[in-house]
Amino acid sequence: MVRYLCLRCKREFDASQLAIMMSVRCPYCGYRVIMKARGEGIKVVKAI
Ligand SMILES: [Zn+2]
């Protein structure tokens with residue numbers, strides 16, 4: 001399971017919650033800069 005972390009509200013969510021939004025943004029606060037926390041690596045994902 002791929003998990004994401006919002007850089008603003010620091011809440012975690014998973015890819016299925018992202019799919020509902022149809023875009024890369026936090027389902028809680030709508031912030032568009034999130035971190036992808038997958039396994040050991042953490043990667044910053046920025047929506048255009
Ligand atoms: Zn957020």
Side-chain angles (χ1 to χ4, degrees):
M1 181 66 76
V2 180
R3 288 165 60 187
Y4 298 90
L5 177 69
C6 175
L7 292 185
R8 187 164 79 173
C9 67
K10 309 294 185 186
R11 295 177 85 164
E12 287 188 23
F13 47 96
D14 60 40
S16 63
Q17 290 173 279
L18 265 189
I20 295 171
M21 299 293 289
M22 297 292 285
S23 61
V24 182
R25 61 169 61 188
C26 174
Y28 300 107
C29 70
Y31 197 53
R32 282 186 285 185
V33 182
I34 59 175
M35 284 201 318
K36 190 187 223 177
R38 184 179 140 208
E40 302 174 9
I42 291 179
K43 184 178 179 182
V44 174
V45 179
K46 288 187 180 180
I48 299 174

> How long is the span from the OH atom in Tyr28 to the CD atom in Gln17, to the nearest 0.5 Å?
Replying inline: 4.5 Å
>> Return the OH to SG distance between Tyr31 and Cys26, rounded to the nearest 0.5 Å.
In response: 10.5 Å
>> Using 30° and 60° as the class boundaries, would you call the ring planes of Phe13 and Tyr4 parallel, tilted or perpendicular?
In response: parallel
>> Within this structure, what is the CE-NZ distance for the pair Met35 and Lys10, rounded to the nearest 0.5 Å?
In response: 7.0 Å
